[in-house]
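Take a look at the structure below.
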Amino acid sequence: MAQLHRRRSSSLLGRLGISAPRAPLVAAAVIVVALVALGLAVSLFSAGGVTVSRADSGSEARGSDGAGEGGGSSSSPSGGGARDAGGAQALVVHVDGAVARPGVVEVSGSSPRLRDAIEAAGGLAEGADTGSLNLAEKVSDGQKVHVPTVEEAQAAAAAPAAGSAGASGAGGGQGAGAAAGSGSGGGPSSASGLVNINSATASELQTLSGVGESTANAIVRDREQNGPFSSVDDLMRVSGIGEKKLAKIRGSICV
């Protein structure tokens, strides 16, 4: 039976023009070709994923190329950056701040995200703060991404609070006097002792030095007819109040 099998194999190899000693070599070649074809199919099938790479070296090479942009030769398509194995155009993104390798990177794929750009820049450095970043955000070509440090994030958060405190502090005694005056029925402020000329009654205005009943009534009447005073200097529009009288009561009033 074995001899019959060998005769049939030899007959088949003879019809194909292959001698018996060369049969193992032919079989090995067939296996190699099959493996290469399988690897090519796998690489084409997985080409749709996101790929990341550094773009600094490519940019430097293009910058030192004698042809340059005006020389008519370019290593990338005129429509943008390089393309990945799947044909998708690579996006060039500038990443700086608290990353391991700040600089210009390339990310590609069907939908690259901010986290991919940071990964291409070596990942987050120690002390990075991503609280203000949306790592799932889609990146665009030419975008710049800054990854702040913890100190930068804290300073940015403290800036608006400091601005609000400064604004309220700039109001100084005026804001405090107005608030306290309105809380006590428009009279003198219990905190600063200032009389709010926009809310004080005629009786309360008479507590000011040199302000009598007629002047106090004139202040109230002017306020009702012409609207509130925008500054203490507006008191000079009231009949009976000049520069000298205003100078005498300036330190005791507010708006």
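On a predicted model such as this, the values are computed, not experimentally measured, just so you know. The chain is numbered in sequence order, starting from 1.
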Q | Pair Ile253-Leu246, side-chain contact (heavy atoms from CB on, under 4.5 Å): steps then yes or no | A | CA-CA 10 Å; Ile253 60 176; Leu246 178 60; 4.3 Å; yes
Q: Evaluate the side-chain contact (heavy atoms from CB on, under 4.5 Å) criterion for residues Asp116 and Val139: first the C-alpha distance (whole Å), next the side-chain angles of each, then the deciding distance (0.1 Å), finally the verdict.
A: CA-CA 9 Å; Asp116 299 319; Val139 295; over 6 Å; no
Q) Going through the distances and angles, do Ile249 and Leu235 end up as a side-chain contact (heavy atoms from CB on, under 4.5 Å)? A) CA-CA 10 Å; Ile249 65 174; Leu235 271 181; 4.1 Å; yes
Q. Run the side-chain contact (heavy atoms from CB on, under 4.5 Å) check on Asp96 and Val147 step by step: do they pass?
A. CA-CA 6 Å; Asp96 71 354; Val147 180; over 6 Å; no
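Side-chain contact check for Ser111 and Arg113: at least one donor-acceptor pair (N or O, by modelled atom type) lies under 3.5 Å.
Val145 and Val150 are members of different hydrophobic clusters when ILVMFWY side chains are connected at heavy-atom separations under 4.5 Å.
Other residues, nucleotides and ligands contribute only 12 or fewer heavy atoms inside 6.0 Å of the CD atom of Glu213.
Annotation for Ser231 and Ile197: closest pair O-CD1, 4.3 Å, computed over non-hydrogen atoms. Shown here for Ile118 and Val99, the closest heavy-atom pair between the two residues is CG2-CG1, 4.2 Å. Residues Pro148 and Ala98 come closest through the heavy atom pair O-CB, 4.0 Å. A pairwise comparison of heavy atoms in Ala117 and Val105 identifies O-CG2, 3.9 Å as the closest pair. In plain terms, the two heavy atoms of Asn198 and Phe229 that are nearest each other are OD1-N, 2.6 Å. Taking each heavy atom of Ala216 and Val211 in turn, the nearest pair found is N-CG1, 3.9 Å.
Between Glu137 and Gln143 the shortest side-chain heavy-atom distance falls below 4.5 Å. Counting heavy atoms from C-beta outward, Asp129 and Thr149 have side chains that stay 4.5 Å or more apart. A 4.5 Å side-chain heavy-atom check between Val93 and Lys144 finds every atom pair outside the cut-off. Within the 4.5 Å cutoff, the side chain of Pro102 has no heavy atoms near those of the Val95 side chain. Using a 4.5 Å heavy-atom cutoff, the side chains of Thr130 and Leu124 are in contact.
Remark: the backbone N or O of Thr201 is paired with a side-chain donor or acceptor of Glu204 at under 3.5 angstrom. Panel note: side chain Asp222, backbone Val238; no donor-acceptor pair is recorded below 3.5 Å.
The distance from atom CD of Glu243 to atom NZ of Lys248, rounded to the nearest 0.5 Å, is 14.0 Å.
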